[in-house]
Amino acid sequence: MAPLPDDPEELGTPSFPDDLNDPQRLAAAHVDGPLLIFAGAGSGKTRVIVYRIANLVAVHRVPPYKILAVTFTNKAAGEMKHRLEGLLGDSVAKDLYVGTFHAICARLLRRYHDAAGLERSFVIYDDSDQRAVMNRVLKELELDEKRFPPRQVLSRIHKQKQEGKGPADFQPEGFFDEPIKRCFEAYQRHLQAANAVDFDDILLHVLRIIEDPASMPGEEIRRRFRYVLVDEFQDVNQVQYRLVRAFASSPPHNLCVVGDDDQSIYRWRGADVRIVRGFRKDFPGAQIVKLEQNYRSSNNIVKGALGVIKPAKDREPKELWTDNRDGEQIGVIACDNEHDEAAFVVERIRELTERGLSAKEVAVFYRTHAQSRVLEEVMRAERIPYQIIGGVRFFERAEVKDLLSYLRVVANPRSDVDLLRIINKPSRKLGDTTLDKLVQMADGRNTSLYESIQALCDSGSINSGTRHSLLSFRDLLQKLMKAARDTRPSQLAELVLAESGYTKMLDADDSTENEARKQNLSELVGSILDYEEEALSAGEETSLSGYLERVTLSSDIDALEDAPRVAMMTVHAAKGLEFDSVFITGMEEDLFPFRNADPSRNEDVEEERRLAYVAVTRARTRLWITYAGRRMIFGQTRFGLPSRFITDLPRSTVRQGATPALERQQSTRETGNVGSVYARVRAGGSPWSHPQERAASSGGATYPGRPKAEPERAPGERYVEREPELDQGGGEDGAIHVGGRVQHKTFGVGLVMSIDNGADPIVSVKFSGYGVKRIKAAFLQRAGG
DNA sequence: CCTAGCCATGCTGAT
DNA sequence: CATGGCTAGG
């Protein structure tokens, strides 16, 4: 081990004030036993973790390999490691175990694979792989996928797994659930047979090992980690919590968890705020510390954020405050529609960058990925460099998945899902008929598809051409597997592309799509090279499994580059980040807070509120919040009202405005939907006297704060129905126009909600008793009224 | 057996 | 709006 400084001062301490709950003293304090830190947004919690670790090693002489630090993203883990390398030196830092729950458990599982009944080369199945497995299961169990949609079945299963339950623990609720239990069993059986795990399994396998008192590997893991630190503790689920407790089960039980219940935004993914709130009950001796000073944001932003979070129920009481100056007010901007909104955002960004702000200090947030497209178009048109985090992910592109599937089959030939994906890419004239036979053969013999190829060829049930194709495919794989033994992963990838004929297939016609595909594939090979370089410099061995694991566990945010480009992302992805200037777009009721059309998927306004709080607290000096009166989203035009979260911003922290387009409209006409929203905002009476505020106590069951003044709506209908100011039909006789009434021979008279113009216009019409239908204009007649 | 093109259907958030 | 499943035609 490298020589270490004895004095923490030598580590380069952060400049925190000498306060009671001061992060610096907190970092240095040697607390044996559990410690819970409630760390408000921008209070420097990551710094606390970093310095606690540094102090443990440097001052208290804790061997680094005994320390486990859990972060929320791989990127955060990388940054933490980087900072620790700076403080402690590379050779010490490399013995620290830092990573996400998934990365840490995957690493442990690679090592203790036997205890989980896996081979070392196991692969991790992502969402679409899981769906492919489920499709096969449904077919096998002869279940109708209309009645049992694979996604829904999987979601039930994931819910179980997130609570630590297996198929045997599944308690069917009613008649419909019985098949789900059988799906669960079959699904797990298929994964095991394929030597594969899904995201939940990674944690569950390790949990089973570590909670088993008789397990040797379990004992080994429990004894190893003596100092456990967990960041973003408010977003752990039950399984992760059990892991944490098991990790910290050996003396001195030095467990330090850091979190902020106000920033818990992953309940839908199994996270449970009650864990952090109930921590002091589970650990009666726990010390509890609160960090309430915000070092990040201007006073206006902090006060605005407080306004947003204050109405939240069941908060751990705490007061966020800052010494920072007031700064600019939060710009709340009314926009006409999403294009207008995007234009506004881009123009402000242009101003900022022209004044010398680096584009990487600017971020644009939205609630859903679907909102990114319009923003992206305008950014591109205006030549603002940007990067989108998430959305249609690189690793989900067809050609990228194809190459990865080849690599995964080479690493683990039992992975049926991957084999099916590539067996006919490029075309080897192996169609559904042959593949069905192969699946049947494998099911009958209880082996993998790969192992059944020979058997099928011997069975005589296929013709010689097909047999030849099958065998040459198997030979290809064998050749690649052989090559894999003494080739670096990147070279293997090149070999796959060349030998499989994949490149040839793309070369066959030189369409722009194929050019893009080839580019994506070289980018993938580039990412393998990056991996190899990193692994080598960290003194690790490069392995195909290692790369594949990293790819599957990489999160969107891990891809955030340190380049001078504006970052665009969902608010969820923004968690843990900070920027000088932030735009929060689409701040409209029913979009943010998001409201699902299906009332059975009862979303949680409380969580949306915390999400808004996270969004606001990302900004250091400038913050704009925009909303549009009208928005085309999910293929429909919706009319929106400013979000309740806008209403919650203290007035003193806000400056209101509107886009020029809206200003112009406003001066020429005072009627209509957008105008009225805007008029209320401008008049200053609203959104601060937004109807929902007055109706706050009398709202419906699912959405307590719904506007009272709005017209009645059908169940599941989302947006306020009103007369838009634009009359698309031009108003002349006989034309169908938005807001007008039309007649349909089956559904009767209905109200026109929106029109998709085109060669064959499609009209959305709300019929009483039938809800909103999309119907070709040709089938409609204008009705009086 | 493959391909292209049509229709339909869902569509929050993500390791 | 985008993806996927299905059908018809090559």
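Convention: sequence-line order gives letters A, B, ...; per-chain numbering from 1. Keep in mind the model is a prediction, meaning the values are calculated, not measured.
Per the geometry, CG belonging to A:Leu438 stands 13 Å off P belonging to B:dC1, to the nearest Å. Atom CD of A:Gln263 and atom C1' of B:dG13 are 16 Å apart (whole Å). A:Lys429 places its NZ atom 11 Å from the C1' atom of B:dT3, with the value rounded to the nearest Å. Rounded to whole Å, atom C1' of B:dT12 lies 15 Å from atom CZ of A:Arg610. The interatomic distance linking A:Phe199 (CZ) with B:dT15 (C1') rounds to 5 Å, in whole Å. One atom, CD of A:Glu232, and another, P of B:dG13, lie 20 Å apart when rounded to the nearest Å. Rounding to whole angstrom units, CD1 of residue A:Ile104 and P of B:dT15 are separated by 16 Å. One can place CE of A:Met632 at 10 Å from P of C:dA2, the figure rounded to the nearest angstrom.
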*asked:* Apply ring pair (Phe, Tyr, Trp, His ring centres under 6.0 Å) to residues A:Tyr366 and A:Phe583 and explain how you reach the verdict.
replied: CA-CA 9 Å; A:Tyr366 33 80; A:Phe583 296 82; over 10 Å; no

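When the ring pair (Phe, Tyr, Trp, His ring centres under 6.0 Å) test is applied to A:Tyr97, the partners found at least two apart in sequence or on another chain are A:Phe225. Under the side chain to side chain donor-acceptor pair (under 3.5 Å) criterion, A:Gln162 pairs with no residue at all, not counting sequence neighbours.
Under 3.5 Å, the side chains of A:Ser527 and A:Tyr547 contain a donor-acceptor pair of N or O atoms.
Nucleic acid contact for A:Thr552: none, since no nucleic acid atom lies under 4.0 Å from a heavy atom of the residue. Among the heavy atoms of the strands, none lies under 4.0 Å from A:Leu611. Contacts of A:Asn74 with the nucleic acid, taken as non-hydrogen atoms under 4.0 Å apart, are absent. Here A:Asn424 lies in heavy-atom contact (under 4.0 Å) with sugar-phosphate atoms only. Among the protein residues, A:Phe72 comes within range of no part of the nucleic acid, since none of its heavy atoms lies under 4.0 Å from any strand. Across all strands, A:Thr73 comes closer than 4.0 Å to no nucleic acid atom at all (heavy-atom distances).
In this pair, A:Tyr266 and A:Phe72 present their aromatic rings tilted. The plane angle is within the 30 to 60° band.
Contact annotation: A:Arg269 side-chain N/O to B:dT15 OP1/OP2 distance is not under 4.0 Å. Phosphate proximity of B:dA14 to A:His369: present, with a side-chain N or O under 4.0 Å from OP1 or OP2. The side chain of A:Thr570 places no N or O atom within less than 4.0 Å of a non-bridging phosphate oxygen (OP1 or OP2) of B:dG13.
To the nearest whole angstrom, the two P atoms, one in C:dC6 and one in B:dC11, are 16 Å apart.
Remark on DNA chain B: of its neighbouring residues A:Thr100 and A:Thr434, the 5'-side contact belongs to A:Thr434, judged by nearest-heavy-atom nucleotide. Comparing A:Arg151 and A:Tyr266 against DNA chain B, the residue whose closest nucleotide sits nearer the 5' end is A:Arg151.
Judged by centroid separation below 5.5 Å and plane tilt below 30°, A:Trp268 stacks onto the base of B:dG13.
Taking only side-chain atoms of A:Thr433, from C-beta outward, the nucleotide of C:dA2, B:dC1, B:dA14 with the closest atom is B:dC1.
Using a cutoff of 4.0 Å between basic side-chain nitrogens and carboxylate oxygens, A:Arg609 and A:Asp262 are not scored as salt-bridged.
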